[in-house]
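Below you'll find the structure, written out as structure tokens, and then a few comments.
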Amino acid sequence: MSVSYWNDRVVQSKEKVEVDIVVIGGGIAGHSAAYWLQKEDPSLRIALVEKHHLGDGATGRNAGFITCGSVEHFNRLVDTHGVDKAKEIWSFSEKNLQLLKEHIIKDNPDSTHFEEKGSFSLASENGEFKELQKTANLMSSLGIEVELVNEGQVRSRLGAEGFVGGIKYCDDASVNPIKLLQKIRNEMKGATNVSFYEHNEVYSIDSDGDQRIVKTNKAHFHTSLVILATNGYSKNLNSYFKDKIFPTRGQILITEPIAPFMEGPCYANFVLDYFRQLPTGELIIGGFRQLQKDVEVGLSDEITDVIQVALEEFLQKHLPACKEKKITHRWSGVMGFSADGQPMVGALPSDNQIYFLGGFTAHGLGLAFNTGKTLTDLIYGREVPGFITAKRWN
Ligand SMILES: Cc1cc2nc3c(=O)[nH]c(=O)nc-3n(C[C@H](O)[C@H](O)[C@H](O)COP(=O)(O)OP(=O)(O)OC[C@H]3O[C@@H](n4cnc5c(N)ncnc54)[C@H](O)[C@@H]3O)c2cc1C
């Protein structure tokens, strides 16, 4: 968003809000950062500022998988980083789920439609299945619970045709992402110092000595610390992110409810495509970005025929239970892909009063809650893992 001189003058006469921290972005990252910061110091006055409504970004548009690891099979993570670092990356996401359960889900999983059914990665050809077998061996040797499933088991347990086998990651989970955000806010209710400002689009962050002035279309926030939790949109607020977080579109559709037929959520085709049955019966499926790589970039949330048709064809080909089922909704969202697939926390090199977290590369639910905690560690001078700090780019 850019704002003219004339309109800036209009806003200047509007509300002035004085706080200690402004968090920009009302998705899982912004909520997580606010949650851990108020936990660290309940006296902090925190304003969470969102340009539309809370959860309007990728968080409220995703498929609800809470998966461990990253966007590629574990054997590839090991090839790229070595065993120790790959294990560290995996453990970070395991911790993310553990923290969500301990602090947010607690003893009321139904309130967020939280389910712990594990997740499956399915191979449609032998080459990928071989990689999954390698992954299973590596992970078992590291004490991570996985199970290899053959073609018949994929059919009987998941109702899926046309796969030669797969792997089950036993510890994964799923959730309704909008209900998860609401629950995080509920958990912060005791913290009367956290306020939410929807429909406030930040168009600049100015300096006035030690103060930062976060300007939106409705108010000016005076603060000493700013957190950018704007993920795919970050480069619009600071050019630092131009070569670090890339806006990437993901498309999705959902059917009418179907009688339960799947043991758990599934990925296919090297984690590019994904589908799961909601507790209420609907089948949600997304992916096929690979068909239009050049189109599926940028900040537009349109849907395209090519990808929507591919999603429907997948249902017809692989999931007999979905044949003839009505599709009720189609949508897309803008994700933030980092240059190396790992999330990042840090402070801007040009301004150490502006921190950020982002780059979740299609795995924000599996990473952002622990990333919010990690950002708080960084702000309070505690050590953070090397793979997640933005210093890795320096
Ligand atoms: C179709 C799809 C399916 C996905 N499926 C999964 C999945 O199953 N599991 C999973 O883990 N991940 C999934 N993802 C990715 C996941 O949604 C993201 O990684 C995660 O939501 C990122 O959270 P975030 O808070 O960083 O970003 P966002 O949720 O995008 O939040 C950023 C917020 O910043 C706001 N904002 C931007 N600019 C400004 C500004 N100038 N002023 C004020 N506010 C601003 C935006 O409006 C937005 O609400 C999926 C994504 C999509 C699109």
Side-chain angles (χ1 to χ4, degrees), residues 1-3 22-34 47-71 93 96-97 100 119 172-178 180-181 184 197-205 214-218 221 226-238 241 245 247-254 265 267 271 273-276 284-289 296 299 301 303 307 311 330-338 343-344 356-369 371-372:
M1 182 192 190
S2 64
V3 165
V22 174
V23 178
I24 307 172
I28 182 69
H31 280 68
S32 302
L48 192 151
V49 178
E50 161 58 45
K51 70 175 169 178
H52 294 137
H53 58 81
L54 298 170
D56 186 58
T59 304
R61 297 163 185 251
N62 68 40
F65 287 58
I66 309 181
T67 35
C68 292
S70 67
V71 279
S93 57
N96 186 79
L97 178 54
L100 276 175
S119 80
D172 286 348
S174 55
V175 76
N176 173 321
I178 283 289
L180 180 67
L181 293 186
I184 298 175
Y197 295 82
E198 295 181 285
H199 306 290
N200 270 261
E201 179 162 10
V202 175
Y203 62 86
S204 78
I205 305 169
V214 176
K215 295 181 169 179
T216 78
N217 53 318
K218 290 192 177 150
F221 295 82
V226 180
I227 314 277
L228 301 177
T230 41
N231 207 21
Y233 308 88
S234 301
K235 68 174 183 170
N236 281 3
L237 284 172
N238 197 291
F241 298 102
I245 302 184
T248 307
R249 187 165 62 196
Q251 297 191 39
I252 211 160
L253 63 77
I254 194 163
Y267 288 94
V271 205
D273 312 324
Y274 47 90
F275 51 98
R276 76 179 177 100
I284 189 166
I285 176 168
F288 286 97
R289 209 173 49 243
E296 294 299 276
L299 297 170
D301 69 351
I303 54 172
I307 291 179
L311 292 170
R330 304 172 189 271
W331 68 94
S332 74
V334 175
M335 305 176 275
F337 275 35
S338 74
M344 53 198 268
F356 56 83
L357 70 168
F360 300 108
T361 316
H363 271 49
L365 295 179
L367 295 165
F369 197 56
T371 307

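One-based numbering, in listed order, for ligands and for the atoms of each. Residues: numbered from 1 along the sequence shown.
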- The atoms of ligand 1 lying under 4.0 Å from a heavy atom of Thr59, numbered in the order shown, are 17 (O), 20 (C), 21 (O), 23 (O), 24 (P), 25 (O), 28 (P), 29 (O)

- Any donor-acceptor N/O pair, Asn231 side chain to Met335 backbone, under 3.5 Å: no

- Query: What closest approach, in Å, do Thr67 and Ser119 show between heavy atoms, and which atom pair accounts for it?
  - Reply: CG2-OG, 3.7 Å

- Item | Sub-4.0 Å heavy-atom contact, Ala362 with ligand 1 | yes

- Query: What part of Phe65 sits under 4.0 Å from ligand 1 if we count only heavy atoms: the side chain, the backbone, both or neither?
  - Reply: both

- protein heavy-atom neighbour closest to atom 36 (N) of ligand 1 works out as Thr230 CG2, 3.8 Å

- With a cut-off of 4.0 Å, which atoms of ligand 1 are near a heavy atom of Tyr233? 30 (O), 37 (C), 38 (N), 46 (C)

- Query: What protein heavy atom sits nearest atom 45 (C) of ligand 1, and how far away is it?
  - Reply: Lys51 CG, 3.7 Å

- Side-chain heavy atoms of Trp331 within contact of Asp301, under 4.5 Å: no

- Query: Got an N/O contact under 3.5 Å between Ile252 and ligand 1?
  - Reply: no

- Task: Indicate yes or no: at least one non-hydrogen side-chain atom of Arg289 is less than 4.5 angstrom from one of Thr248.
- Result: yes

- Task: Using distance alone, determine whether Gly30 and ligand 1 share an N or O pair under 3.5 Å.
- Result: no

- Item | Identity of the nearest option to atom 47 (O) of ligand 1, non-hydrogen atoms only, from His31, Glu50, Glu198 | Glu50

- Give the residue, atom name and distance (to 0.1 Å) of the protein heavy atom nearest atom 41 (N) of ligand 1. Val202 O, 3.0 Å

- Note on the structure: So the atoms of ligand 1 within less than 4.0 Å of a heavy atom of His363 turn out to be 10 (C), 11 (O), 12 (N), 19 (O)

- Task: Compute the minimum heavy-atom distance from Gly358 to ligand 1 and say whether it is under 4.0 Å.
- Result: no

- Query: Could an N or O of ligand 1 be found under 3.5 Å from any N or O of Ala63, whether backbone or side chain?
  - Reply: yes

- Should Asn62 be counted as touching ligand 1, given the test is an N or O pair under 3.5 Å? yes

- Message: I need the contact type for Tyr274 against ligand 1. Using non-hydrogen atoms and a strict under-4.0 Å cut-off, is it side chain, backbone, both or neither?
- Response: side chain

- First locate atom CG of Leu367, then atom CD1 of Ile28, and finally report the distance between them rounded to the nearest 0.5 Å. 10.5 Å

- Do Arg276 and Phe65 have side chains that get closer than 4.5 Å, going by heavy atoms? yes

- Query: Between Asp56 and ligand 1, does any nitrogen or oxygen pair lie at a separation below 3.5 Å?
  - Reply: no

- Validation row: Asn236, Phe241 side chains within 4.5 angstrom (heavy atoms): no

- Query: Measuring from Ile245:CD1 to Ser234:OG, what's the distance to the nearest 0.5 Å?
  - Reply: 4.5 Å

- Does Gly366 have a heavy atom less than 4.0 Å from any atom of ligand 1? yes

- Contact check, side chains of Val202 and Val49, non-hydrogen atoms, under 4.5 Å: yes

- Item | Sub-6.0 Å ring centroid separation between Phe275 and Tyr267 | no

- Is any N or O atom of Gly333, backbone or side chain, closer than 3.5 Å to an N or O atom of ligand 1? no

- Query: Nearest protein heavy-atom contact for atom 25 (O) of ligand 1: which residue, which atom, what distance?
  - Reply: Ala29 N, 2.9 Å

- Considering only the protein, which heavy-atom contact is closest to atom 28 (P) of ligand 1, and what is its distance? Ala58 N, 3.6 Å

- Query: Quick one: nearest non-hydrogen protein atom to atom 22 (C) of ligand 1, plus distance?
  - Reply: Asn231 ND2, 3.5 Å

- Salt-bridged, Asp56 to Arg61, with N to O below 4.0 Å? yes

- Item | Polar contact flag for Gly25 and ligand 1 (N/O pairs, less than 3.5 Å) | no

- Query: Heavy-atom contacts under 4.0 Å between Ala229 and ligand 1: side chain, backbone, both, or neither?
  - Reply: backbone

- Is there a side-chain contact (heavy atoms from CB on, under 4.5 Å) between Tyr197 and Thr216 once you walk through the steps? CA-CA 10 Å; Tyr197 295 82; Thr216 78; over 6 Å; no

- Query: Among all protein non-hydrogen atoms, which one is nearest to atom 11 (O) of ligand 1, and what is the separation to 0.1 Å?
  - Reply: Leu365 N, 2.8 Å

- Numbered atoms and elements of ligand 1 in range of Arg61, under 4.0 angstrom, heavy atoms: 1 (C), 2 (C)

- Please test Ile285 against Tyr274 for side-chain contact (heavy atoms from CB on, under 4.5 Å), starting from the C-alpha separation and ending with a verdict. CA-CA 6 Å; Ile285 176 168; Tyr274 47 90; over 6 Å; no

- Item | Flag side-chain contact, heavy atom, 4.5 Å: Leu299 against Tyr233 | yes

- ligand 1 contacted by Ala368 (non-hydrogen, < 4.0 Å): no

- Looking only at non-hydrogen atoms, find the nearest pair between Gln251 and Ile307 and report the distance. NE2-CD1, 3.6 Å

- Message: I want to check something: taking the side chain as every heavy atom from C-beta on, are Ile205 and Ile24 in contact at a cut-off of under 4.5 Å?
- Response: yes

- 4.0 Å heavy-atom contact, Asn200 with ligand 1: yes

- Any N/O pair Gly364/ligand 1 closer than 3.5 Å: yes

- Task: Would you indicate whether the side-chain heavy atoms of Leu54 and Leu48 approach each other to under 4.5 Å?
- Result: yes

- Is Ile28 in polar range of ligand 1, meaning some N or O pair under 3.5 Å apart? yes

- Task: Decide whether an N or O pair under 3.5 Å exists between Leu237 and ligand 1.
- Result: no

